[in-house]
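Counting from 1, the numbers follow the sequence of the chain as shown. Excluded from the calculations below are hydrogen atoms, water molecules and symmetry mates; all remaining heavy atoms, backbone and side chain alike, are included. Note that this is a predicted model, so its numbers are computed, not measured.
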Amino acid sequence: QVQLVESGGGLVQAGGSLRLSCAASGRTFSGSAMGWFRQAPGKDREFVAAINWSGGYTTYAGSVKGRFTISRDNAKITVYLQMNSLKPEDTAVYYCAARSVPGFAAREVDYSYWGRGTQVTVSS
């Protein structure tokens with residue numbers, strides 16, 4: 001079992017930055033790929049970014065590529081999402097997710113564990 005707790009959300013003006021953190025506990029974190037997803041009001045949850053177990057491989061949704069950076073610190077059992085050049089359309093609840101395997105994925109169904117989410121609001 002893995003427990004995930006997100007933090008770092010908040011209200012920011014367009015063009016600003018935020019860094020989300022996801023603290024993990026439970027089974028071996030270092031062997032798990034991690035991902036970030038988001039859900040805007042009235043929309044389905046969508047993939048944002050993912051990282052493999054070592055941090056050596058990452059992938060991003062096209063809408064955030066070049067603006068967001070996913071990283072992880074296995075010693076601190078934490079994964080991060082650095083969000084720069086934020087836009088109003090980035091407003092959503094952001095969720096951290098963990099897989100049971102080392103390789104990353106972009107589909108919700110590939111993730112076994114989920115946090116409760118943290119709200120990010122970008123004002124225009």
Open item on the list: Tell me if a side-chain donor or acceptor on Y111 pairs with a main-chain N or O of A105 at a distance below 3.5 Å.
Closed with: yes

Open item on the list: Is it the case that the side chain of R67 and the backbone of S85 share a donor-acceptor pair, with hydrogens and angles ignored and the cut-off at 3.5 Å?
Closed with: yes

Task: salt bridge (charged side-chain N to carboxylate O under 4.0 Å, His left out) contacts in which one or both residues fall within residues 109-124, not counting sequence neighbours - done: R107-D110

- [ ] Of all the heavy-atom pairs spanning S124 and A14, show the shortest one and how long it is.
- [x] CA-CB, 4.4 Å

- [ ] Work out which heavy atom in W36 is nearest to a heavy atom in L20; give both atom names and the distance.
- [x] CH2-CB, 3.7 Å

Task: Check: C22 main-chain N/O paired with E6 side-chain donor or acceptor under 3.5 Å - done: no

Task: Member of N52, L4, V2, L81 meeting the side chain to side chain contact (heavy atoms under 4.5 Å, CB included) criterion with M34 - done: L4

Task: Hydrophobic cluster (4.5 angstrom, side-chain heavy atoms) - remaining members for V101 - done: none

- [ ] Under the salt bridge (Lys or Arg N to Asp or Glu O under 4.0 Å) rule, collect the residues that match up with R38, sequence neighbours excluded.
- [x] E46, D90

- [ ] Show your reasoning for whether side chain to side chain contact (heavy atoms under 4.5 Å, CB included) applies to R45 and W114.
- [x] CA-CA 12 Å; R45 188 155 58 184; W114 292 83; 3.6 Å; yes

- [ ] Hey, could you give me the CD/CD1 distance between Q82 and I70, rounded to the nearest 0.5 Å?
- [x] 12.5 Å

Task: L11: hydrophobic cluster co-members (side-chain, 4.5 Å) - done: none

TODO: Just jot down the side-chain hydrogen bond (donor to acceptor under 3.5 Å, both in side chains) partners of Q39, sequence neighbours excluded, or say none.
DONE: none

TODO: Could you state whether F47 and V64 fall into the same hydrophobic cluster, counting links through intermediate Ile, Leu, Val, Met, Phe, Trp or Tyr residues with side-chain heavy atoms under 4.5 angstrom apart?
DONE: no

Open item on the list: Check the orientation of Y94 and F68. Use parallel for under 30°, tilted for 30 to 60°, and perpendicular for over 60°.
Closed with: tilted

Task: Heavy-atom closest contact (G31 atom, W53 atom, distance) - done: C-CB, 3.9 Å

Task: N/O donor-acceptor pair under 3.5 Å between T58 side chain and I51 backbone - done: no

Task: S100 versus Y113, closest heavy-atom pair with distance - done: OG-CE1, 3.7 Å

Task: G115 versus Y95, closest heavy-atom pair with distance - done: O-CD2, 3.6 Å

Open item on the list: Tell me whether T91 contacts the main-chain N or O of V122 through its side chain, where contact means a donor paired with an acceptor under 3.5 Å.
Closed with: yes

TODO: Output the rest of the hydrophobic cluster of F104: all Ile, Leu, Val, Met, Phe, Trp and Tyr residues reachable through side-chain heavy-atom contacts under 4.5 Å, sorted by chain and number.
DONE: Y57

Open item on the list: Can you give me the closest heavy-atom contact between V79 and C96, atom names plus distance?
Closed with: CG1-SG, 3.8 Å

